A.B. asks: 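Structure provided below as structure tokens; questions to follow.
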Amino acid sequence: DLENYAPKTREAVCGEFRALSICSASPPSSGGAQIMIAQLYDHLLKDASDGDKVRAFVDAQRLAYADRDHYFADPDYVEVPLKALLGVDYLRQRASDRADPDAAPRHGNLNRGVLSGSDTTEEAAGTTHLSIVDSDGNAVSFTATVEAAFGSSRWVQGFLLNNEMTDFARSYESADALPANAVAPGKRPRSSMSPTFVFDAAGDLLLVTGSPGGNSIPAYVSKTIIGLLDWNLSPQEAVDFPNIVARGKKVRVETAEARGSELAKSLRAYGYEVQEREGENSGLHLIYISDDGLVGAADRRREGTVRAWTDP
């Protein structure tokens with residue numbers, strides 16, 4: 001298997017967010033969900049009578065996750081309708097599919113000829129992330145994973161074998177169509193990894209962000225984008241803001257601090273099935289390019305650090 005394996009170079013997926021551009025990792029990774037969440041958030045907020053930005057963020061996640069779970073997989077093996085999913089008209093229409101708070105969100109209908117079965121993937125959290133900008137302006141958003149903690153727990157000649165087979169859909173009904181992310185020989189499993197760049201209207205780099213965290217990664221990373229660019233949070237405030245993960249029917253809210261408890265209470269009042277959690281497994285690392293220079297922020301939930309070096 002190792003002899004037959006070779007890295008794949010795939011073009012980044014990019015899309016608009018207001019006057020900005022978001023670029024992230026293409027399928028089988030989940031960077032496209034960053035574009036979907038950002039655009040859905042804007043549509044939902046525009047149509048919201050209450051102007052509740054957190055609720056708009058929750059419903060944008062619910063819709064984007066439902067589409068990602070159903071459609072994203074290895075594009076060498078299945079058709080991933082990424083262009084359609086990121087289309088401006090589709091996302092505008094998709095925002096009108098907002099499910100009732102107590103209902104499970106459904107994936108959008110793209111009128112495709114070949115339909116996929118329901119997704120059953122369960123993604124573990126054995127991932128890491130770092131963001132870098134050097135003195136010449138080169139930037140890296142780097143997410144790497146071995147799937148579960150310590151991967152397969154097997155060392156081979158100095159490196160750790162991963163456990164990525166568990167990132168496939170683990171079960172399906174024999175009478176139904178196969179899930180897009182069903183296991184197959186040579187196929188690469190879907191990943192939640194979303195290393196992301198945001199560029200300003202002039203095309204200059206504005207933000208480098210990313211996080212570990214299993215299937216919560218799209219939620220964690222989009223929080224930094226929305227928090228920085230719409231909620232007027234500082235880079236560290238965006239990282240520190242309570243994590244809210246809205247995948248499926250339940251909405252997980254980090255309630256280790258009073259602010260999180262208030263958010264949980266507010267969302268529960270709307271009718272969402274809220275699951276309070278003392279901590280989330282995010283490891284956000286971001287760099288914001290401000291008028292005054294580079295501003296870094298790291299996640300205190302893990303062993304995150306911010307470091308700057310000067311040329312000798």
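The basis for the numbers below is simple: all heavy atoms, side chains too, and nothing from hydrogens, waters or symmetry mates. Bear in mind the structure is a predicted one, so any value in this text is a computation, not a measurement.
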A.B. asks: Search all heavy atoms of Gln39 against all heavy atoms of Val88 and return the closest pair with its distance.
C.D. replies: OE1-CA, 4.1 Å
A.B. asks: If every non-hydrogen atom of Arg190 is compared with every non-hydrogen atom of Asp69, which pair is closest and at what distance?
C.D. replies: NH1-O, 3.0 Å
A.B. asks: For a side chain to side chain contact (heavy atoms under 4.5 Å, CB included) with Leu286, tell me which candidate from Val198, Leu228, Val306 qualifies.
C.D. replies: Leu228
A.B. asks: Do Tyr5 and Arg188 pair up side chain to side chain, a donor and an acceptor below 3.5 Å, judged on atom types alone?
C.D. replies: yes
A.B. asks: Please give me the minimum heavy-atom distance between Val133 and Ala139, naming the atom from each residue.
C.D. replies: CG2-CB, 4.0 Å
A.B. asks: Is there a donor in the side chain of Arg68 and an acceptor in the side chain of Ser192, or the other way round, less than 3.5 Å apart?
C.D. replies: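 Result is yes, a qualifying pair exists.
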A.B. asks: Show the nearest heavy-atom pair for residues Cys14 and Ser21, with the distance to one decimal.
C.D. replies: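 Shortest heavy-atom separation between Cys14 and Ser21 comes out as CB-OG, 4.3 Å.
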A.B. asks: Does the pair Asp97/Arg106 count as a salt bridge with the N-to-O cut at 4.0 Å?
C.D. replies: no
A.B. asks: Looking only at atom types and distance, does a side-chain atom of Lys187 sit under 3.5 Å from a main-chain N or O of Ala182, one as donor and one as acceptor?
C.D. replies: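 Pair found, side chain donor or acceptor close to backbone of Ala182.
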A.B. asks: Let me check something: do Phe197 and Tyr220 share a hydrophobic cluster, defined by ILVMFWY side-chain heavy atoms less than 4.5 Å apart, either directly or through other members?
C.D. replies: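 No, no single cluster joins them.
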A.B. asks: Can you tell me how the ring of Phe57 sits relative to the ring of Tyr41, calling it parallel under 30°, perpendicular over 60° and tilted otherwise?
C.D. replies: perpendicular
A.B. asks: Taking CZ in Arg154 as the centre, count heavy atoms belonging to other residues, nucleotides or ligands within less than 6.0 Å. Is the count above 12?
C.D. replies: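 For Arg154, atom CZ is not crowded (no more than 12 foreign heavy atoms under 6.0 Å).
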A.B. asks: Checking the side chain of Asp52 only, and the main-chain atoms of Val54 only, is there a donor and an acceptor separated by less than 3.5 Å?
C.D. replies: yes
A.B. asks: Do Ser216 and Arg252 have side-chain atoms, one donor and one acceptor, less than 3.5 Å apart?
C.D. replies: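 Per modelled atom types, Ser216 and Arg252 side chains form a pair under 3.5 Å.
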A.B. asks: State, without any angle test, whether Thr196 and Gln34 hold a side-chain donor-acceptor pair at a distance under 3.5 Å.
C.D. replies: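 The answer is no; no qualifying pair exists.
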A.B. asks: Taking ring pair (Phe, Tyr, Trp, His ring centres under 6.0 Å) as the definition, give me every residue that meets it alongside Phe17, ordered by chain and number, with sequence neighbours left out.
C.D. replies: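 Partners of Phe17 under the ring pair (Phe, Tyr, Trp, His ring centres under 6.0 Å) test: none.
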A.B. asks: Do Arg10 and Asp76 meet the salt-bridge criterion of a basic N to acidic O distance under 4.0 Å?
C.D. replies: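 Salt bridge: yes.
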A.B. asks: With distance as the sole test, does Gln61 use its side chain to make a donor-acceptor pair with the main-chain N or O of Ala246 at under 3.5 Å?
C.D. replies: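 Checked: pair present.
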A.B. asks: Among side-chain atoms of Asp67 and Tyr90, is any donor-acceptor pair under 3.5 angstrom?
C.D. replies: yes
